[in-house]
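Worksheet: one structure, shown below.
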Amino acid sequence: MIKIPRVILAGDRSSAGKTTISVGIMALLKEQGKTVQPFKVGLDYIDPSYHSMITGKQGGNLDGYLMSDKAIAEAFIHSSEGSDIAIIEGVRGLYEGLESLSDVGSTAQIAKILKTPVILIIDAQSITRSTAAIVKGYRDFDRGVNIRGVILNKIGSERHAEKAKMAIEKYTGVEVLGAIPRSNSMKLTMRHLGLIPAREGASRVEGFDSKLEKIKETIRDNLNLKRIAEIAAEAPPIREPKPEIFVRKNPGGVRIGLALDEAFNFYYKDNIDLLQCRGAEIVHFSPVHDAEIPEVDGLIIGGGYPEIFAAELARNDSMRKSIFEASRRGMPIYAECGGLMYLMKSLEIEDGSRHDMAGVFEGVASMKHVRTIGYVAGRFEMDTPIGQEGALFKGHEFHHSVITDLASNAKFACRLDRGSGIHNGLDGIMSDNTLATYTHLHAASYVPFSGKFVESCAVYHEKG
């Protein structure tokens with residue numbers, strides 16, 4: 001058994017204020033000298049980017065649809081090692097998940113797997129006594145979920161807060177830990193898929209740093225941070241599973257280039273950790289700023305918002321040529337979503353203008369008024385740098401782009417049983433040893449990813 005102080009910050013619905021409140025709490029705990037390990041329930045890159053920036057610790061993801069109970073526990077324990085407290089931000093409403101008659105994929109599922117106390121964040125705008133009914137309903141809906149406290153958000157006045165607090169504590173016995181006033185300063189900048197990534201926000205959004213300082217000040221003045229830490233410390237010990245995923249084996253001795261800049265920064269912590277567990281050295285490079293790829297044996301180009309930086313990416317001719325030539329040499333390259341868009345011949349942004357991209361694949365990545373989001377499941381129909389023919393995988397996709405004008409002989413490596421992919425349920429376009437997908441994979445759910453990619457890079461390295 002292992003003792004890890006931890007708490008889940010869950011919402012009564014989407015847009016209840018989970019991310020803003022979570023960021024403020026993490027920042028204040030860090031100011032107190034605590035080492036904070038952040039997590040996000042579900043497959044999300046944006047919220048963890050804020051968590052990571054605030055705490056200095058890369059945020060992890062926990063997903064009950066993609067990951068087994070054992071994998072969730074192992075990933076949580078692995079990432080929490082050496083931390084004083086783990087803060088887990090929930091997804092949507094506490095009980096929202098994959099379907100209506102089970103808790104699979106929900107925050108509640110993670111709370112039960114990890115035996116973690118829950119603090120419920122309620123959007124209390126325009127309600128007082130009704131907040132007690134909400135808390136009572138959430139508490140009684142599943143008694144396996146341990147709701148230990150409530151945070152009231154979007155409060156209109158001190159009187160409003162006091163009436164809601166009195167009702168909740170009288171009718172439910174659940175402690176109210178604070179009330180956050182309704183204010184535009186408690187909103188982080190949004191974009192079509194959610195919040196602006198912290199890396200980009202910090203560099204491009206005017207007043208970003210001062211907004212974060214205002215959030216911290218509001219949380220400090222209105223929440224009982226001491227009680228939140230005490231509730232986290234009261235979390236029961238977790239049974240530590242025998243490590244099977246996060247173990248060092250098959251040292252690869254290879255260098256893998258990881259695209260990381262304003263345009264490409266969607267990566268799961270566990271994916272990078274597992275590549276390193278397999279012996280890979282991770283080397284960061286910037287498709288926006290660097291002249292060419294570094295001396296590496298393979299490349300990973302993750303998701304992001306290449307459409308926002310299309311002009312900058314197009315101007316960097318030497319980088320585009322460097323990646324194109326590496327692909328033609330047979331270097332293992334894996335690209336997801338934004339990376340897929342970058343590897344196409346061109347990128348058409350919303351104003352209709354087209355920008356030259358790396359040209360590894362014929363076709364156009366085009367920003368359209370569509371929204372594709374959800375879990376995917378499928379199988380590889382040929383050998384790839386990350387999986388062999390017949391291997392099954394689960395993942396997720398979320399994008400506003402489509403791929404058009406593909407070559408008539410385009411090769412697809414993946415057939416999806418669930419999800420949209422690139423074209424008619426096909427995903428994973430292949431050229432030489434380059435694989436590019438709309439599917440995002442989490443390496444603690446599709447475990448072969450890290451070992452197979454390192455192996456592919458090692459083979460390439462040996463060939464010189």
Return each pair, listed once, that meets salt bridge (charged side-chain N to carboxylate O under 4.0 Å, His left out) where at least one residue sits in residues 144-155; pairs must be two or more places apart or across chains.
-> D123-K154, R148-E234

Output, in order, the C-alpha distance, side-chain angles, deciding distance and verdict of side chain to side chain donor-acceptor pair (under 3.5 Å) for E262 and H289.
-> CA-CA 10 Å; E262 308 96 305; H289 302 290; 2.9 Å; yes

How would you list all residue pairs meeting salt bridge (charged side-chain N to carboxylate O under 4.0 Å, His left out) that involve residues 12-30, not counting sequence neighbours?
-> none

Donor-acceptor side-chain pairing of H442 and N271 below 3.5 angstrom = no

Quick one: list whatever passes side-chain contact (heavy atoms from CB on, under 4.5 Å) with S157, sequence neighbours left out.
-> R159, H160

Output all residues satisfying side-chain contact (heavy atoms from CB on, under 4.5 Å) with Q58, sequence neighbours left out; order by chain, then residue number.
-> S52, K269

How would you list, by chain and number, every residue that makes a side-chain contact (heavy atoms from CB on, under 4.5 Å) with K242, sequence neighbours excluded?
-> none

Hey, does the Lys NZ or Arg CZ of K394 hover above the aromatic six-ring of Y446, less than 6.0 Å from the centre and inside 45° of the axis?
-> no

Could you tell me which non-hydrogen atom of S286 sits nearest to which non-hydrogen atom of D261, and how far apart they are?
-> OG-OD2, 2.7 Å

Would you mind listing every ring-ring contact (aromatic ring centres under 6.0 Å, His included) that reaches into residues 16-43, with sequence neighbours excluded?
-> F39-F76

How far apart are the C-alpha atoms of S106 and Q109, what are their side-chain angles, what is the distance that settles it, and do they pass the side chain to side chain donor-acceptor pair (under 3.5 Å) test?
-> CA-CA 5 Å; S106 71; Q109 182 191 20; 5.1 Å; no

Residue pairs fulfilling salt bridge (charged side-chain N to carboxylate O under 4.0 Å, His left out) with at least one residue in residues 48-68, sequence neighbours excluded | none

Contacts satisfying ring-ring contact (aromatic ring centres under 6.0 Å, His included) that involve residues 210-243 (not counting sequence neighbours) are none

Report the C-alpha separation of D427 and T437 in whole Å, then their side-chain angles, then the decisive distance to 0.1 Å, and conclude whether the side chain to side chain donor-acceptor pair (under 3.5 Å) test is met.
-> CA-CA 6 Å; D427 203 4; T437 75; 4.6 Å; no

What is the distance from atom SG of C414 to atom CD1 of I422, rounded to the nearest 0.5 Å?
-> 8.5 Å

Could you grab the distance from atom CG of N61 to atom OH of Y268, nearest 0.5 Å is fine?
-> 5.5 Å

Lys/Arg-Asp/Glu bridge criterion (N-O < 4.0 Å) met for E389, R379 | no

According to the salt bridge (charged side-chain N to carboxylate O under 4.0 Å, His left out) rule, which pairs have a member within residues 78-92, sequence neighbours left out?
-> K40-E89

Nearest-0.5 Å distance that lies between atom OG1 in T131 and atom CD1 in I122 = 6.0 Å

Derivation of the side chain to side chain donor-acceptor pair (under 3.5 Å) call for Y65 and S445 | CA-CA 9 Å; Y65 170 71; S445 62; over 6 Å; no

Hey, could you give me the OG1/CD1 distance between T20 and I180, rounded to the nearest 0.5 Å?
-> 10.0 Å

Closest non-hydrogen atoms of M357 and M344, given as atom of the first, atom of the second and distance, are CB-O, 3.0 Å

Going by the ring-ring contact (aromatic ring centres under 6.0 Å, His included) test, which pairs reach into residues 102-145, not counting sequence neighbours?
-> Y95-Y138, Y95-F141

Is K216 salt-bridged to E213, going by a charged N under 4.0 Å from an acidic O?
-> yes

side-chain contact (heavy atoms from CB on, under 4.5 Å) partners for L426, two or more places apart = F412, R415

The reported gap from CD1 in I134 to CZ in R129 (rounded to nearest 0.5 angstrom) is 13.0 Å

For R182, side chain to side chain donor-acceptor pair (under 3.5 Å) partners two or more places apart = none

Is any NZ, NE, NH1 or NH2 atom of the basic residue among K165 and E162 found under 4.0 Å from an Asp or Glu carboxylate oxygen of the other?
-> no

